[in-house]
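All values below were derived from every heavy atom in this structure, side-chain atoms included, with hydrogens, water molecules and symmetry-related copies excluded. Proteins come first, then strands; the chains are lettered A, B, ... in the order of their sequence lines, and each starts at number 1.
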Number of protein chains: 2
Amino acid sequence: MHRNPDPRGTCAHEETHGHPIDGDAVESRARSYALSKGVPFTPMRQSVLALLAASGKPMSAYEIAEKVSDTRKLKAVQVYRALEFLQEAGCVHRLASRSAYFACDHLHGEGETVVFMVCAQCGAVQEAASELVARGLRGAAKTTGFRPRHPMIEVEGECAECAGTPER
Amino acid sequence: MHRNPDPRGTCAHEETHGHPIDGDAVESRARSYALSKGVPFTPMRQSVLALLAASGKPMSAYEIAEKVSDTRKLKAVQVYRALEFLQEAGCVHRLASRSAYFACDHLHGEGETVVFMVCAQCGAVQEAASELVARGLRGAAKTTGFRPRHPMIEVEGECAECAGTPER
DNA sequence: TCCTGGGTGTAATGTTGTAACAGCACGATA
DNA sequence: TATCGTGCTGTTACAACATTACACCCAGGA
Ligand SMILES: [Zn+2]
Ligand SMILES: [Zn+2]
Ligand SMILES: [Zn+2]
Ligand SMILES: [Zn+2]
């Protein structure tokens with residue numbers, strides 16, 4: 001059930017990915033997290049995650065509320081509640097530069113420094129963990145005694161696909 | 001006129017800074033930019049910039065609208081217009097993680113990769129340019145053919161002052 | 001003088017995110 | 001079984017952030 005329509009996209013940790021996400025894999029991660037927390041993986045959460053995984057691109061909460069329209073009509077607040085859980089579970093990230101949310105099938109380590117690369121043309125997001133960036137941040141912080149906690153790195157640019165297709 | 005109440009804070013390029021900004025210096029940079037663009041450096045723009053420089057901390061557009069209350073009462077849209085100019089002029093940055101704006105007295109080079117370090121306790125922002133981070137980003141992008149344009153790096157944490165004062 | 005480009009003032013609206021509260025489902029407990 | 005607590009749901013209302021539209025003004029140039 002709820003199999004990804006285009007099931008390429010099984011990519012390993014520390015890699016980057018393009019559009020679609022393996023919906024089953026990410027859902028099973030969410031289920032594990034729910035289990036570990038003793039809370040249910042509800043249909044609400046499942047629908048939102050499935051939509052994000054299938055889309056493979058960032059969507060605003062209101063956009064999600066519209067598109068999850070399988071019968072019921074969701075209010076934004078319900079979407080935000082689902083997103084809160086999914087972000088805790090590590091299945092969904094928020095893009096601050098766009099106030100949008102997208103599914104992630106990576107397994108991020110605890111202190112890992114992740115870079116979000118957002119295509120200005122097509123909106124697709126690629127992730128990459130960079131130890132070099134992490135060291136650079138630590139270095140920048142050290143010069144002023146700043147104690148870094150949560151880095152947020154978002155790079156706007158063009159993905160390989162869109163850069164290769166100047167006029168689309 | 002409009003001299004900074006605490007005029008320490010003349011810091012060179014590539015350094016980091018704490019709270020207050022040299023209002024005169026940053027204003028003269030804004031004036032130069034306006035001149036080069038053939039547009040006026042209006043009192044509106046001057047007031048917003050002066051407020052941000054004096055405060056030295058990020059403020060939301062609505063907060064700015066309230067506090068610029070020297071006689072006239074500003075609407076948010078007017079503040080946004082001033083902020084748009086000031087950001088183009090390179091005198092003000094936007095903090096996406098907080099939807100807030102702050103004055104900057106650095107002279108950022110064209111391709112410079114700047115890190116914003118935001119104190120979770122006191123809200124102060126320090127900036128640092130890091131070539132190491134820039135290299136890390138280029139490396140992360142190269143593995144997927146992504147062409148980076150505008151990096152946005154915001155690190156939440158604790159500034160030296162607040163870290164040294166656990167209970168305040 | 002007329003035209004034009006940019007800034008200003010104002011109203012309206014759009015977008016994003018939370019607070020508050022009343023129900024319901026379900027498992028634990030007595 | 002009855003009761004209780006915990007967490008999800010549905011709904012309303014609202015707060016916070018940001019933009020669009022339009023009329024007006026004003027300075028500089030044809
Ligand atoms: Zn991720
Ligand atoms: Zn693209
Ligand atoms: Zn700066
Ligand atoms: Zn601090």
Are OP1 or OP2 of C:dT8 and a side-chain N or O of B:Thr42 less than 4.0 angstrom apart? yes

Quick one: is D:dT9 close enough that its OP1 or OP2 comes under 4.0 Å of any side-chain N or O from A:Gln78? no

Per atom distances to the B:Met44 side chain, the nearest of C:dT8, D:dT11, D:dA18 is C:dT8

Can you check the A:Met59 CE to C:dT15 P distance for me, whole Å? 15 Å

Heavy atoms from C-beta onward define the side chain here; which of D:dA18, C:dT16, C:dT10 lies closest to that of A:Tyr62? C:dT16

Separation of B:Tyr33 atom OH from C:dG6 atom C1', in whole Å? 14 Å

Identify whether a stacking contact exists between A:Tyr80 and C:dT18, where the ring centres must be under 5.5 Å apart and the planes under 30° apart. no

Would you say B:Glu63's side chain and B:Ser60's backbone share a donor-acceptor pair under 3.5 angstrom? yes

Do any side-chain nitrogens or oxygens of B:Arg81 fall under 4.0 Å of OP1 or OP2 in C:dG9? no

Is A:Phe41 touching bases, backbone alone, or none of the nucleic acid, heavy atoms closer than 4.0 Å? nothing

Rounded to the nearest Å, what distance is computed from the CD1 atom of residue B:Ile64 to the P atom of nucleotide D:dC17? 11 Å

Whether A:Arg98 contacts C:dT16 is assessed here as follows: a side-chain N or O lying under 4.0 Å from the phosphate OP1 or OP2. Is that the case? no

In terms of relative ring orientation, are A:His108 and A:His93 parallel, tilted or perpendicular, with 30° and 60° separating the classes? tilted

Select one nucleotide: of C:dT16, C:dG7, C:dA11, the one nearest the side-chain heavy atoms of A:Ser60. C:dT16

Mind checking whether B:Tyr33 and B:Phe41 have ring centres under 6.0 Å apart? no

Do the non-hydrogen side-chain atoms of B:Lys57 and B:Cys122 ever get within less than 4.5 Å of each other? yes

Which part of the nucleic acid does A:Phe85 contact within heavy-atom distance under 4.0 Å: base, sugar-phosphate only, or nothing? nothing

Donor-acceptor contact present, side-chain B:Glu154 to main-chain A:Met152, <3.5 Å: no

Between CD of A:Glu84 and C1' of D:dG7 the distance, given in whole Å, is 12 Å

Rounded to the nearest angstrom, tell me the gap between atom NZ in A:Lys75 and atom P in C:dG23. 19 Å

Nearest to the B:Ser99 side chain among D:dA18, D:dC8, C:dT10, which nucleotide is it? D:dA18

Identify which nucleotide among D:dC17, C:dT18, C:dG6 has an atom closest to any side-chain atom of A:Val77, counting heavy atoms from C-beta outward. C:dT18

